[in-house]
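Just below is one structure, and these are the notes that go with it.
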Amino acid sequence: MPYLSEGNMKCIAYVSRTTANERGITLPAGLSNIVQMSRKRNPAAQITGILSYRQGQYVQVLEGPDLEVDNLMAKVTADPRHKDLWVFISERVIERSFDSWGVSIFDFIDQGPIFKTFIEHHQQTLNAFTNEQKKRLQAFIHLDNTNTVTAHHYDGKYLRLLAWPDLNRTSQPQLIMSLCVKLTKKPYAFDSLVASEEFGTYQQVTDIIKDFESLGILTVSEPALNAIPEPTKPQDIPTKKPSKFYGAIKRFLGMG
């Protein structure tokens with residue numbers, strides 16, 4: 001059954017604390033039951049979103065028809081397994097951030113691409129939060145990390161990827177794959193990436209690198225004092241034939 005794509009849609013996001021047991025220890029009591037019931041009922045109600053638990057707190061995003069979302073939120077509010085509940089998003093939407101229902105136990109869920117669209121859709125609301133409100137969400141979302149990269153932030157820095165992003169969720173996946181290959185081998189100068197013009201303009205390269213860093217898969221370092229300067233002119237950058245390994249990956253993904 002297709003989900004509604006526009007009109008009569010609502011998004012509610014909340015954070016709540018779990019109750020403590022008799023020894024004062026907070027545990028996700030009933031989490032397995034919450035997950036089981038959510039997976040059973042939410043798709044039928046055309047509700048999408050995400051549920052995560054960390055450090056004694058839940059965060060949940062619910063998207064779907066107005067009435068269905070309000071009814072489910074009323075049940076959550078009355079559920080004794082939640083306390084100190086704060087609804088930090090309650091807005092009409094015309095587009096979903098999540099295309100399905102899922103449970104994700106990330107350290108910081110905004111480091112995964114699954115949460116990026118939600119942050120972008122509600123950026124104006126999130127940016128208006130006070131420091132205390134941001135602190136309440138800090139276990140899940142580092143709001144201060146969403147817009148901290150300024151112009152020329154990466155100039156003179158060396159970059160290295162710790163992991164690859166999900167290529168199924170990126171634009172220009174073949175270009176991103178080529179950049180990932182380069183940044184995985186060894187620390188690589190940002191200035192050389194820009195000078196090569198292989199990955200777009202200065203701003204386009206900056207935006208890609210910023211996305212990598214927001215996903216938590218990039219390290220940024222200062223050049224070593226004895227480092228040999230890398231070529232900075234496009235004609236000075238040696239060309240390499242693609243390896244058979246990465247050629248096979250491209251063919252597997254239908255990019256070759």
Task: Partner residues of H122 under the ring pair (Phe, Tyr, Trp, His ring centres under 6.0 Å) criterion, sequence neighbours left out - done: F118
- [ ] Supply the atom-to-atom distance T130 OG1 to K135 NZ, rounded to the nearest 0.5 angstrom.
- [x] 11.0 Å
Task: Residue pair L179 / L193, side-chain heavy-atom distance below 4.5 Å - done: yes
Open item on the list: Quick check for you: to the nearest 0.5 Å, what is the distance between L183 atom CG and S178 atom OG?
Closed with: 11.0 Å
Open item on the list: Check whether E213 reaches the backbone of K210 with its side chain - one donor and one acceptor, N or O, closer than 3.5 Å.
Closed with: no
- [ ] State the CG-CG distance between L85 and D79, to the nearest 0.5 angstrom.
- [x] 10.0 Å
Task: Identified side chain to side chain contact (heavy atoms under 4.5 Å, CB included) counterpart of I47 within the set N71, V61, L62 - done: L62
- [ ] Would you please name every residue forming a side chain to side chain contact (heavy atoms under 4.5 Å, CB included) with H121, sequence neighbours left out?
- [x] E95, S97, T117
Open item on the list: Minimum heavy-atom separation for V205 and G200, please, with both atom names.
Closed with: CG2-O, 4.0 Å
- [ ] Treating Ile, Leu, Val, Met, Phe, Trp and Tyr as nodes and any side-chain heavy-atom pair under 4.5 angstrom as an edge, say whether M73 and M37 lie in one connected cluster.
- [x] no
Task: L162 and L218, any side-chain heavy atoms less than 4.5 Å apart - done: no
Task: Side-chain touch V59/F88, heavy atoms, less than 4.5 angstrom - done: yes
Open item on the list: For T201, give me all partners under side chain to side chain contact (heavy atoms under 4.5 Å, CB included), at least two apart in sequence or on another chain.
Closed with: Q203, Q204
Open item on the list: Checking side-chain polar atoms at under 3.5 Å, does S16 have a donor or acceptor matched by the opposite partner on W86?
Closed with: no
Open item on the list: Working note: I119 + L126, criterion side-chain contact (heavy atoms from CB on, under 4.5 Å); need CA distance, chi angles, decisive distance, verdict.
Closed with: CA-CA 8 Å; I119 292 177; L126 296 172; 4.2 Å; yes
Task: K157: side-chain hydrogen bond (donor to acceptor under 3.5 Å, both in side chains) partners, not counting sequence neighbours - done: none
Task: Over all atoms of both residues, closest heavy-atom pair of R41 and K75 - done: NH1-NZ, 4.5 Å
Task: Heavy-atom side-chain proximity of I217 to P165 below 4.5 angstrom - done: yes
Open item on the list: Would I12 and D70 count as a side-chain contact (heavy atoms from CB on, under 4.5 Å) here? Give the steps.
Closed with: CA-CA 8 Å; I12 287 182; D70 284 338; 4.0 Å; yes
TODO: With sequence neighbours excluded, tell me which residues meet ring pair (Phe, Tyr, Trp, His ring centres under 6.0 Å) with F212.
DONE: none
Open item on the list: Just to verify, what does R17 make a salt bridge (Lys or Arg N to Asp or Glu O under 4.0 Å) with, not counting sequence neighbours?
Closed with: D84
TODO: Please assess Q60 against I50 for the test side-chain contact (heavy atoms from CB on, under 4.5 Å), listing each intermediate value before the final yes or no.
DONE: CA-CA 6 Å; Q60 184 165 206; I50 191 171; over 6 Å; no
- [ ] Provide the closest heavy-atom pair for P65 versus R96 in the form atom of the first, atom of the second, distance.
- [x] CD-NH2, 4.4 Å
Task: Rounded distance [0.5 Å steps], OH in Y158 versus OG in S221 - done: 8.5 Å
Task: Between CD on residue Q124 and CD on residue E120, distance to nearest 0.5 Å - done: 14.5 Å
Task: F190: partners by ring pair (Phe, Tyr, Trp, His ring centres under 6.0 Å), with sequence neighbours left out - done: Y154, Y202
TODO: Could you tell me whether the side chain of S192 and the main chain of Y188 form a donor-acceptor pair under 3.5 Å?
DONE: no
- [ ] Identify the heavy atoms of I34 and H82 that sit nearest to each other, and give their distance.
- [x] CD1-NE2, 4.3 Å
Open item on the list: Going by the rule salt bridge (Lys or Arg N to Asp or Glu O under 4.0 Å), which residues pair with D207 if we only count those two or more places apart in sequence or in a different chain?
Closed with: none
Open item on the list: Main chain of F98, side chain of E63: is a donor-acceptor contact present, judged purely on distance under 3.5 Å?
Closed with: yes
Open item on the list: If the condition is side chain to side chain contact (heavy atoms under 4.5 Å, CB included), which residues does L175 pass it with, not counting sequence neighbours?
Closed with: Q172, F199, I208
- [ ] Could you list the residues that satisfy side chain to side chain contact (heavy atoms under 4.5 Å, CB included) with T125, not counting sequence neighbours?
- [x] I89, E91, F129
Task: Test item: T18 and R81 side chains (from C-beta on) under 4.5 Å apart, heavy atoms - done: no
Open item on the list: Give me the atom names and distance for the closest heavy-atom approach of C11 to V93.
Closed with: CB-CG1, 3.9 Å
Task: Between CD on residue E132 and CG on residue L137, distance to nearest 0.5 Å - done: 11.5 Å
